[in-house]
Amino acid sequence: MSVAERNLILLGAPGAGKGTQAQRLAVRFGIPQISTGDMLRATHREGTPLGKKAEEYMNKGALVPDEVVIGLVEERLGKPDAKAGFILDGFPRTIPQAEALDGVLAKLGRAKIRVVDVNVPEATLVERLGGRLSCPKDGASYHVKFTPPKHDNVCDQCGTALITRADDKPEAISQRLREYHDKTAPLAGYYKKSGVLKSIDGVGELDLVLDRIVRALGD
Ligand code: AP5
Ligand code: MG
């Protein structure tokens, strides 16, 4: 176990800016962003049976079964680049996932996790998701109005053509928000009990929100 280890979790509703800020934190701290949403979308692009099954849940805005994502994260956390720390974005999303994560980290002998809950009002979430453009290659998020790419419809980082995710349609957005309230929001209480939770306001310029996260972490 190392004190320099940065084991971070970004909690927050769909559209809270977890992916946007996890990418920035990854660059700042030199540790990987681990997004279960990006990993599941990659398994689908690779055409694996798991990817096909996951897509059925994702397109409806439902959560993928716990055992599928727990397996993916356990394997990912064991990779060498996660030794100095990681930023989990979109995992855990249920109490059983949080308990499984505690078990995996204990088994790997890892330092304590720190959790930042990014709060954004529901109307803003809906507006953000409705106008989001996503890079299918590196997972970067843009917004047609709030955070447009430098060149129309092209990722600033890798030049790939941007897409609108299938689950950014209105019916799927509503279902994702319901899933969040029912299954993911209780995680704030779970982490508060163990004294590792900080909450921040996720509304404002990207740099301002990043500063709030870094200050909440005390880094
Ligand atoms: P996932 O990919 O994790 O989606 P999500 O949680 O629904 O979150 P999003 O990616 O939509 O939002 P975000 O918080 O990353 O916001 P972003 O930075 O993009 O999961 C997709 C699906 O996979 C799930 O529905 C489920 O089916 C499955 N899945 C994944 N993990 C799972 C798990 N652990 N268990 C079970 N199933 C799982 O920002 C959103 C928009 O806002 C962008 O347009 C961005 O440019 C803009 N924006 C960001 N910050 C700001 C700001 N400060 N000001 C203005 N605009 C901003
Ligand atoms: Mg995301």
Side-chain angles (χ1 to χ4, degrees), residues 9-26 33-44 50-51 53-74 76 87-98 100-101 116-121 124-136 138-149 155-156 162-169 171-185 187 200-213:
I9 296 177
L10 288 187
L11 278 187
K18 304 180 298 293
T20 301
Q21 297 299 345
Q23 281 210 338
R24 299 158 75 90
L25 290 165
Q33 169 196 13
I34 301 182
S35 157
T36 40
D38 288 348
M39 289 162 84
L40 289 165
R41 283 182 286 277
T43 63
H44 178 248
L50 187 150
K53 191 80 209 141
E55 195 199 22
E56 289 171 25
Y57 292 93
M58 295 170 80
N59 286 355
K60 284 190 289 198
L63 292 186
V64 172
D66 286 339
E67 61 274 16
V68 173
V69 279
I70 290 168
L72 285 176
V73 170
E74 181 162 17
R76 183 64 187 85
I87 305 144
L88 278 168
D89 145 26
F91 183 97
R93 248 178 164 100
T94 63
I95 300 281
Q97 290 181 19
L101 178 65
V116 178
D117 192 14
V118 181
N119 297 311
V120 173
T124 308
L125 296 172
V126 172
E127 202 181 0
R128 284 186 184 179
L129 294 172
R132 176 165 58 179
L133 298 169
S134 303
C135 176
D138 64 20
S141 285
Y142 302 88
H143 190 279
V144 283
K145 190 163 97 192
F146 304 138
T147 54
C155 180
D156 291 353
L162 299 173
I163 57 154
T164 294
R165 272 170 41 181
D167 58 350
D168 280 342
K169 297 201 174 76
E171 325 77 71
I173 291 175
S174 306
Q175 181 58 30
R176 284 158 65 203
L177 290 169
R178 274 197 294 274
E179 291 277 70
Y180 169 75
H181 289 298
D182 291 350
K183 298 174 186 161
T184 309
L187 287 177
I200 63 125
D201 175 6
V203 178
E205 292 294 319
L206 298 189
D207 284 345
L208 186 64
V209 177
L210 179 68
D211 274 357
R212 288 184 195 136
I213 296 174

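Just so you know, ligand 1 is whichever comes first in the structure, and atom 1 is the first atom listed for that ligand.
With a 4.0 Å heavy-atom cut-off, ligand 1 is reached by the side chain of V69 but not by its N, CA, C or O. Neither the backbone nor the side chain of V68 has a heavy atom within less than 4.0 Å of ligand 1.
Of all atoms in ligand 1, numbered sequentially from 1 with element shown, those under 4.0 Å from a heavy atom of T20 are 17 (P), 18 (O), 39 (O), 45 (C), 49 (C). Listed by number with element, the atoms of ligand 1 under 4.0 angstrom from any heavy atom of Y142 are 43 (C), 44 (O), 46 (O). Near G37, the atoms of ligand 1 lying under 4.0 angstrom from a non-hydrogen atom of the residue are 1 (P), 2 (O), 20 (O), 30 (C), 31 (N). Heavy-atom proximity to D167, at under 4.0 Å, picks out these atoms of ligand 1: 21 (C). Atoms of ligand 1 lying under 4.0 Å from at least one heavy atom of G19, given by number and element, are 13 (P), 15 (O), 18 (O). The distance from ligand 1 to the heavy atoms of L206 drops below 4.0 Å at these ligand atoms: 50 (N), 51 (C), 52 (C), 53 (N). Below 4.0 Å from some heavy atom of Q97 lie the following atoms of ligand 1, by number and element: 33 (C), 34 (N), 35 (N), 36 (C). Against a heavy-atom cut-off of under 4.0 Å, R176 is close to the following atoms of ligand 1: 5 (P), 7 (O), 9 (P), 11 (O), 25 (O).
Of all protein heavy atoms, the one lying nearest to atom 16 (O) of ligand 1 is G17 N, 3.2 Å. Distance from atom 13 (P) of ligand 1 to its nearest protein heavy atom, with residue and atom name: K18 N, 3.6 Å. Residue, atom and distance of the protein heavy atom nearest to atom 30 (C) of ligand 1 are R93 NH1, 3.4 Å. Atom 29 (N) of ligand 1 has L40 CD1, 3.5 Å as its closest protein atom, hydrogens excluded (heavy atom only). Shortest contact from atom 52 (C) of ligand 1 to any protein heavy atom: R128 NH2, 3.3 Å. For atom 23 (O) of ligand 1, the closest non-hydrogen atom of the protein is M58 CE, 3.2 Å. The nearest protein atom to atom 53 (N) of ligand 1, hydrogens excluded, is given as G204 O, 2.8 Å; this is a heavy-atom distance. The protein heavy atom nearest to atom 27 (O) of ligand 1 is A62 O, 2.6 Å.
Between R176 and D168 a salt bridge is recorded (basic side-chain N to carboxylate O distance below 4.0 Å). Between R93 and E179, none of the side-chain N atoms (NZ, or NE/NH1/NH2) sits under 4.0 Å from a carboxylate O, so this pair counts as no salt bridge.
Under the 4.0 angstrom criterion for non-hydrogen atoms, E179 is not in contact with ligand 1. Within the structure, the closest approach of A13 to ligand 1 falls below 4.0 Å when heavy atoms are considered. In this structure, Q21 has no heavy atom closer than 4.0 Å to ligand 1.
Residues F91 and I70 meet the side-chain proximity criterion, which asks for heavy atoms closer than 4.5 Å. Taking 4.5 Å as the limit, every side-chain heavy atom of V64 sits out of range of all side-chain heavy atoms of T36. Side-chain atoms of L177 and P14, non-hydrogen and from C-beta on, do get closer than 4.5 Å to each other. Side chains of D89 and I34 form no contact here, defined as non-hydrogen atoms less than 4.5 Å apart.
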Report the C-alpha separation of I95 and L187 in whole Å, then their side-chain angles, then the decisive distance to 0.1 Å, and conclude whether the side-chain contact (heavy atoms from CB on, under 4.5 Å) test is met. CA-CA 6 Å; I95 300 281; L187 287 177; 3.9 Å; yes

side-chain contact (heavy atoms from CB on, under 4.5 Å) assessment of R41 paired with M58: CA-CA 9 Å; R41 283 182 286 277; M58 295 170 80; 3.8 Å; yes

Does the pair L210 and E205 meet the rule for a side-chain contact (heavy atoms from CB on, under 4.5 Å), with working shown? CA-CA 9 Å; L210 179 68; E205 292 294 319; over 6 Å; no

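With sequence neighbours excluded, no residue forms a ring pair (Phe, Tyr, Trp, His ring centres under 6.0 Å) with H44. By the ring pair (Phe, Tyr, Trp, His ring centres under 6.0 Å) test, Y57 pairs with no residue at all, sequence neighbours left out.
Using modelled atom types, no side-chain atom of K60 and backbone atom of E171 make a donor-acceptor pair closer than 3.5 Å. Under the 3.5 Å distance criterion, the side-chain polar atoms of Q21 are matched with a main-chain donor or acceptor of L206.
The shortest N or O to N or O distance between D89 and ligand 1 is not below 3.5 Å. Between L129 and ligand 1, a contact under 3.5 Å exists for no N or O pair.
The one candidate from D201, V203, I200 that meets the side chain to side chain contact (heavy atoms under 4.5 Å, CB included) condition with V118 is I200.
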